[in-house]
Structures are given as C-alpha cells and as structure tokens.
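Notes for the one structure printed next.
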Protein chains: 2
Amino acid sequence: MKAEGKGDMKREHEILIGFLKQKGLKQTDQREKILDIFLSNVKHVSADELHATIRKSDPRIGFSTVYRTLKILTECGLAREVNFGDGRARFERALDKGQHGHLICTNCGKTEEFAIATIEKSIKQISTNVGFRPLGHRLEVYGLCKRCQ
Amino acid sequence: MKAEGKGDMKREHEILIGFLKQKGLKQTDQREKILDIFLSNVKHVSADELHATIRKSDPRIGFSTVYRTLKILTECGLAREVNFGDGRARFERALDKGQHGHLICTNCGKTEEFAIATIEKSIKQISTNVGFRPLGHRLEVYGLCKRCQ
DNA sequence: CTTATCATTGAATATGAATGTCAATTTCAG
DNA sequence: CTGAAATTGACATTCATATTCAATGATAAG
Ligand SMILES: [Mn+2]
Ligand SMILES: [Mn+2]
Ligand SMILES: [Zn+2]
Ligand SMILES: [Zn+2]
C-alpha cells in the first residue's frame, strides 16, 4: 500500500497539514490515513463507501471522522464534491484535476468524465454579461452509455 | 385568481387529464388545483413551499398529495425537477420552456436563468464522440450575483 | 518531561427531506 | 346508482446528513 506508482502524496499531505495549522486545527493519524485512502481509491466515492474501505485497514475509525475529514479536504482544495442525483454526495480528487463534466448512465450508473474548456468559456462570457461572478459550476449529462442503449 | 394575463392554462390541464386517462389514473380536484397554483407561482418551488401556498386557499390539501402530484406533473412534462444544492428538490414549469442553465448566488440564493443553445451543441458533440446517448442535462453555475459581490 | 488547554474522536442522537403505509374517502366505468 | 379501484392525508419510516458530548489525544509553554 505504498509502492503503487501513483506519485507520492507528499504534496497533498503538505497541503492538508498547512491548512490545519493555518486554521488552528490539529494533525491527527485519522486525518492522514483518510487522506491516503481517499487518494489511493477510485473516484466519486461517498462518505459511506470511503468509510467502508478505511474500516478494512483500521476498524476503529468512525464514520463521523471520515465525514468531517471529507469536509476539510474539500475546504482545502484536495477534494471536490460532486452529485449524480442518487441522493448522496460524492467526492473526487481535486488537486491537479480541473473541473470537468460527467456523463452519467441512468441505467447502470456508469460515469464518464469529459473536458469542458469550451463550455467554460461560454459560461464566463454569459456570466460576465449579466454581472454574475462565477466561482464554480456543475455540468451533468444524463443518458445511456454505450452498453445500455 | 383567473384574469391574470398569463395565458389560459387550458393546455396544461388537457395534458394532465390526457396523461391521467392514459395511465388509468383519476382526475381529482386536488390535482387540478395543485397544477393551477404551480403554474401561477414563482419558479423553482419546492414541494414544501408549494404546499404552504396551496394551504392558504385550501388548508385541507395534504403534503403527500402535493408531493405526489409534482411527481405526476414531472412525468407528463409539465414540470421539471431542478436542484440547486440546498438539499431539496425544486420544480419549475417545463411546458414551452426549454432547458436552460442556472446562475445561483451562493450568498443570497438568488437564481438567474440563461440559455444554453451553444453549450447543448457541445454536449451533443462530446456525447456522440464517446457513444453516449444524452437524454437530459443539468448545468448550474455557483458564484456571486451583482449585489453580493 | 510534565502539565494545561483545547481540538478531536466516535458512538449516539437529532434533523429533515423523501418515501411508504393504510383506513377512510372519492372517482368513474358499467 | 353501484362497486372496484384509485386517491387522499395523517402518520410512520427511511436514509443521508449534521450535531452532541464524554473520553481521548495533540500541542505549546514551562
Ligand atoms: Mn469526476
Ligand atoms: Mn429554471
Ligand atoms: Zn449504462
Ligand atoms: Zn446574491
């Protein structure tokens, strides 16, 4: 669970630690472990799912801690919350990963990501026209994936 | 509550009645009244809010009925569900009103709509490229409205 | 190292929207 | 009309999210 060739996570840990210090919060084993598992895991994970995964390596970590840590990770830019209309929040890695849209299969739940550079340009244009300052956006496309059509 | 110059709602009622008949469901006063109030009301209303409004003119209509009727209205294309990340579903008029994006102020909650014709073209393009068949989409932009900046 | 302070943890509990249940009532085809 | 079947509305349940709180842990000062 270390030599997995996904680039070291030092940078992410430094960001987390810096954020905690700056906010007067404390550095704990739980927070570090949750960050590790979050980063080494599949994308679009819910708090529940992440907690289930973490329990396998440390059954003593509570759901609340996972839940609260995901919030912290989101605050410090390491995670991003996404929502696929299934009634629960999901989180994906945010560092070095720009905004993107999601194609969500309404039949099997499969999701695919796509770049939205041109769309983002349109959004900026439109927003500026009406005096709105855009800070974030969500674009979800619902439909049928190749297999489900 | 009738001569309000918003075009008659006959067409909507015909659509609802046709849908009910076709599905073997029954035409009730409640459903008609809920449709009326839904149409003569502000956009982006939650089930709760709609129920509160309806209670003023008929206190005997229950929340469950409003909730279930909104589902029916969505099924027959008279309403569309939208979600602004505040944890509850909202509904807007859908007949004669194409898809559009929303600019949502994260400070005051104000929402503004905008056309997404060009963006829709991009979505279709991208989807086709990967073999995905798009059936619907949501585009929400979060930021600060003119007043809140 | 020791201590004092204050944040964190995790189990339990609370919250709130969405959905399900069911007896009484209403619709509507025949 | 009449009866089968859908509807209604009060209430209960579910489920994700959020909060509470006593015990524990982290950190800075001495
Ligand atoms: Mn993604
Ligand atoms: Mn709208
Ligand atoms: Zn699929
Ligand atoms: Zn505002």
Side-chain angles (χ1 to χ4, degrees), chain A residues 13 16-38 44-76 79 81-91 109, chain B residues 13 16-38 44-76 79 81-91 109:
Chain A
H13 279 272
L16 174 59
I17 292 168
F19 177 83
L20 294 174
K21 210 158 257 171
Q22 181 227 325
K23 288 269 184 183
L25 304 178
K26 286 171 180 169
Q27 187 178 347
T28 67
D29 292 347
Q30 286 96 328
R31 285 172 176 164
E32 305 249 37
K33 184 167 280 183
I34 291 167
L35 173 57
D36 275 337
I37 310 255
F38 171 70
H44 306 147
V45 72
S46 70
D48 247 7
E49 292 166 352
L50 187 58
H51 178 231
T53 305
I54 287 170
R55 285 212 143 218
K56 287 175 198 159
S57 72
D58 188 343
R60 284 181 305 172
I61 292 188
F63 171 78
S64 299
T65 303
V66 175
Y67 169 79
R68 288 184 285 227
T69 301
L70 276 172
K71 204 176 256 180
I72 289 175
L73 296 184
T74 302
E75 277 185 72
C76 66
E81 186 180 330
V82 293
N83 195 294
F84 295 161
D86 63 342
R88 50 183 166 170
R90 294 179 172 281
F91 297 84
Chain B
H13 279 273
L16 174 59
I17 292 168
F19 177 84
L20 293 174
K21 210 158 256 166
Q22 182 228 323
K23 289 269 184 179
L25 304 178
K26 286 168 181 172
Q27 187 177 346
T28 66
D29 291 348
Q30 286 96 329
R31 285 173 176 164
E32 305 250 37
K33 185 168 280 184
I34 290 167
L35 174 56
D36 276 336
I37 309 259
F38 171 70
H44 308 147
V45 73
S46 70
D48 247 8
E49 291 166 353
L50 187 57
H51 179 231
T53 305
I54 287 170
R55 286 212 143 218
K56 287 175 197 159
S57 71
D58 187 344
R60 283 181 304 172
I61 291 187
F63 171 78
S64 299
T65 304
V66 174
Y67 169 79
R68 289 184 286 229
T69 301
L70 276 173
K71 203 176 254 180
I72 289 175
L73 295 184
T74 302
E75 277 185 71
C76 67
E81 186 179 330
V82 294
N83 196 293
F84 295 161
D86 63 343
R88 51 179 165 174
R90 293 178 174 279
F91 297 85

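Chain A is the first sequence line, chain B the second, and so forth, proteins listed ahead of strands; every chain is numbered from 1. Since the model is a prediction, treat every value here as computed from it, not as a measurement.
- If you check dT7(D), dG10(C), dT8(C) against the side chain of Lys26(A), the one that comes closest is dT8(C).
- Both Gln30(A) and Arg90(B) lie near DNA chain C, and the one whose nearest nucleotide falls closer to the 5' end is Gln30(A).
- Across the protein-nucleic acid pair, Lys21(A) atom NZ and dC6(C) atom C1' stand 17 Å apart, rounded to whole Å.
- dT9(C) atom P lies 13 Å from atom NZ of Lys33(A), rounded to whole Å.
- Under the 4.5 Å side-chain criterion, counting only non-hydrogen atoms from C-beta, Asp36(A) is in contact with His13(A).
- Between dG25(D) and Thr28(A), no contact under 4.0 Å exists linking OP1 or OP2 to a side-chain N or O.
- Separating the CG atom of Asn83(A) from the P atom of dC15(D) is a distance of 18 Å, rounded to the nearest angstrom.
- As rounded to whole Å, 15 Å separates atom C1' of dT27(C) from atom CG of Leu16(B).
- Following rounding to the nearest Å, Ile72(B) (CD1) and dT8(D) (C1') show an atom-to-atom distance of 12 Å.
- Where Arg31(B) and Ser64(B) meet DNA chain D, the nucleotide closest to each residue was compared, and Arg31(B) sits on the side nearer the 5' end.
- Closest to the side chain of Arg88(A), from the set dT17(D), dT27(D), dT8(D), is dT17(D).
- In this structure, the CZ atom of Phe63(B) is 14 Å from the P atom of dG16(C), given to the nearest Å.
- Closest contact between the side chain of Ala89(A) and the listed nucleotides dG25(D), dA18(C), dT17(D) involves dT17(D).
- For Thr65(A), the side-chain atoms get nearest to dT9(C) when compared with the rest of dA7(C), dA6(D), dT9(C).
- The interatomic distance linking Lys71(B) (NZ) with dT8(D) (P) rounds to 14 Å, in whole Å.
- Atoms CG (Leu20(B)) and P (dA5(D)) sit 19 Å apart, rounded to a whole Å.
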Report the C-alpha separation of Thr69(B) and Gln30(B) in whole Å, then their side-chain angles, then the decisive distance to 0.1 Å, and conclude whether the side chain to side chain contact (heavy atoms under 4.5 Å, CB included) test is met.
-> CA-CA 9 Å; Thr69(B) 301; Gln30(B) 286 96 329; 5.8 Å; no
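- Of the candidates dT7(D), dC28(C), dT27(D), the closest approach to any side-chain atom of Leu25(B) belongs to dT7(D).
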Step by step, work out the side chain to side chain contact (heavy atoms under 4.5 Å, CB included) result for Val45(B) and Leu70(B).
-> CA-CA 10 Å; Val45(B) 73; Leu70(B) 276 173; 5.5 Å; no
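- To the nearest 0.5 Å, atom CZ of residue Phe91(B) and atom CD of residue Glu49(B) are 11.5 Å apart.
- Between Ile37(A) and Leu50(A), the closest side-chain pair of non-hydrogen atoms falls below 4.5 Å.
- No N or O donor and acceptor, one from the side chain of Arg68(B) and one from the base of dG20(C), sit under 3.5 Å apart.
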